[in-house]
A.B. asks: 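Dropping the structure in here first, questions after.
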2 protein chains.
Amino acid sequence: MKKEEKNLYEAKAKIFKALAHPTRLWIAEKLGQGECCVNNLVEPLGADFSTVSKHLSVLKEAGVVDDEKRGKQVFYSLKVPCVLGFMSCVEDVIENRIREQVGLLNRRKIDGVVKSSDILR
Amino acid sequence: MKKEEKNLYEAKAKIFKALAHPTRLWIAEKLGQGECCVNNLVEPLGADFSTVSKHLSVLKEAGVVDDEKRGKQVFYSLKVPCVLGFMSCVEDVIENRIREQVGLLNRRKIDGVVKSSDILR
DNA sequence: TGGTTATTTGGTTATATTACCAAATGTAAA
DNA sequence: TTTACATTTGGTAATATAACCAAATAACCA
């Protein structure tokens, strides 16, 4: 890879990286429903303020979200709604994986209840 | 986030994580043009065989690519072409970022040649 | 069988990411 | 101006990633 091409792929990777964390993915989807201040994200996530704040700054730095200070609060919003459009593709990948693993189990003639929590990872 | 919800977001994040590396992103796009064996990826990337092989296994583990051994070679292919569809969105994000930074520069009345390599990161 | 090619695996080291706590900042209300 | 609230920043420790080298495996050919 040439240097210039590498720069481009690093820039692209940065967007993926920003979304490559369960908490940040959750935040992105939440913001897809409308803007939200940090406080209102902290509680449902069950994480520290500072942790959530840092996740938000990663998303902001990547250009995925926007922030706006109004009064004492900072309101974050999803800047690029198209990221949500990718989720159905991601869910397809996950479904495929589950299907394959269920297939494997069946081929091995192991019967039993298969919980999604067993397969997703 | 409840445990089950967390599992789902971790599964989604895994897909993003798999693509969140310049090399792996490059590989995904390359495979979008057709299957390819490891050997043919190593040279243009300029990385070690083992490095490329490990990147491929991350992509495979995430369900993004498929592998098939034929003779001495292993052919990798893009299993989920929809990931490529997301790239235009990613490029939008990058373009926005560039536009904003150029805007910043102009507002600061700093003139000069702005190279994409300066801004992309 | 023994050698050659293609790829993967294991080990190691360097770097990056994440979470939490404590302290700092900024804003508004008393 | 003091106080309280909302958020960010800095520090630190634990864990995860990434790159390379060396060695192992696997498939084919002589």
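In what follows, chains carry the letters A, B, and so on, assigned in the order in which the sequence lines appear, proteins first and then strands, with residues in each chain numbered from 1.
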A.B. asks: Rounded to the nearest angstrom, tell me the gap between atom CZ in Phe16(A) and atom P in dT17(D).
C.D. replies: 17 Å
A.B. asks: Given dA27(D), dT7(C), dT9(C), identify the nucleotide with an atom nearest to the side chain of Ser50(B).
C.D. replies: dT9(C)
A.B. asks: Which whole-number value in Å describes the distance from Glu61(A) CD to dT18(C) P?
C.D. replies: 14 Å
A.B. asks: Taking the basic N atoms (NZ, or NE/NH1/NH2) and the acidic carboxylate oxygens, is any pair closer than 4.0 Å for Lys6(B) and Glu4(B)?
C.D. replies: no
A.B. asks: In whole Å, what is the span from the CG atom of Asn40(B) to the P atom of dA6(C)?
C.D. replies: 10 Å
A.B. asks: Do any side-chain nitrogens or oxygens of Arg70(B) fall under 4.0 Å of OP1 or OP2 in dA6(C)?
C.D. replies: no
A.B. asks: What nucleotide, of dA6(C), dT17(C), dC21(D), holds the atom closest to the side chain of Lys17(A)?
C.D. replies: dT17(C)
A.B. asks: Whole-Å distance between dT18(C) C1' and Leu45(A) CG?
C.D. replies: 14 Å
A.B. asks: What is the distance from CZ of Phe75(B) to P of dA6(C), rounded to the nearest Å?
C.D. replies: 11 Å
A.B. asks: Evaluate Arg24(A) against Lys54(A) for side-chain contact (heavy atoms from CB on, under 4.5 Å), listing each step before the verdict.
C.D. replies: CA-CA 10 Å; Arg24(A) 294 196 290 266; Lys54(A) 273 169 190 170; over 6 Å; no
A.B. asks: Tell me whether the OP1 or OP2 atom of dT8(C) has a side-chain N or O from Tyr76(B) closer than 4.0 Å.
C.D. replies: yes
A.B. asks: What is the distance, to the nearest angstrom, from the CG atom on Leu56(A) to the C1' atom on dA19(C)?
C.D. replies: 15 Å
A.B. asks: Should Leu59(A) and Val80(A) be regarded as members of a common hydrophobic cluster, given that ILVMFWY residues are connected when their side-chain heavy atoms come within less than 4.5 Å of each other, either directly or indirectly?
C.D. replies: yes
A.B. asks: Quick one: which of dA19(D), dT18(C), dT9(D) gets closest to the side chain of Ser53(A)?
C.D. replies: dT9(D)
A.B. asks: Taking for each residue the nucleotide of DNA chain C bearing the nearest heavy atom, is the 5' side occupied by Asp48(A) or by Thr51(B)?
C.D. replies: Thr51(B)
A.B. asks: Of the candidate nucleotides dG26(C), dC21(D), dT7(C), which contains the atom at the shortest distance from the side chain of Val38(B)?
C.D. replies: dT7(C)
A.B. asks: On DNA chain C, check which nucleotide each of His55(A) and Asp67(B) is closest to and give me the residue with the more 5' one.
C.D. replies: Asp67(B)
A.B. asks: Round to a whole Å and report the spacing from NE2 of His21(A) to C1' of dA16(D).
C.D. replies: 11 Å
A.B. asks: Output the single nucleotide from dT17(D), dG26(C), dT9(C) whose closest atom is nearest the side chain of Lys54(B).
C.D. replies: dT9(C)
A.B. asks: When hydrophobic residues are tied together by side-chain contacts of less than 4.5 Å, even through go-betweens, does Val42(A) share a cluster with Ile27(A)?
C.D. replies: yes
A.B. asks: Given atom NZ of Lys14(B) and atom C1' of dT17(C), what is their separation to the nearest angstrom?
C.D. replies: 18 Å
A.B. asks: Stepwise, does the side-chain contact (heavy atoms from CB on, under 4.5 Å) test hold for Glu68(B) with Val74(B)?
C.D. replies: CA-CA 6 Å; Glu68(B) 190 191 338; Val74(B) 178; over 6 Å; no
A.B. asks: Asn39(A) side chain: which of dT18(C), dT7(D), dT27(C) is closest?
C.D. replies: dT7(D)
A.B. asks: Could you identify the nucleotide paired to dA30(D), looking across every strand shown and requiring Watson-Crick or G-U wobble geometry with both distances under 3.5 Å?
C.D. replies: dT1(C)
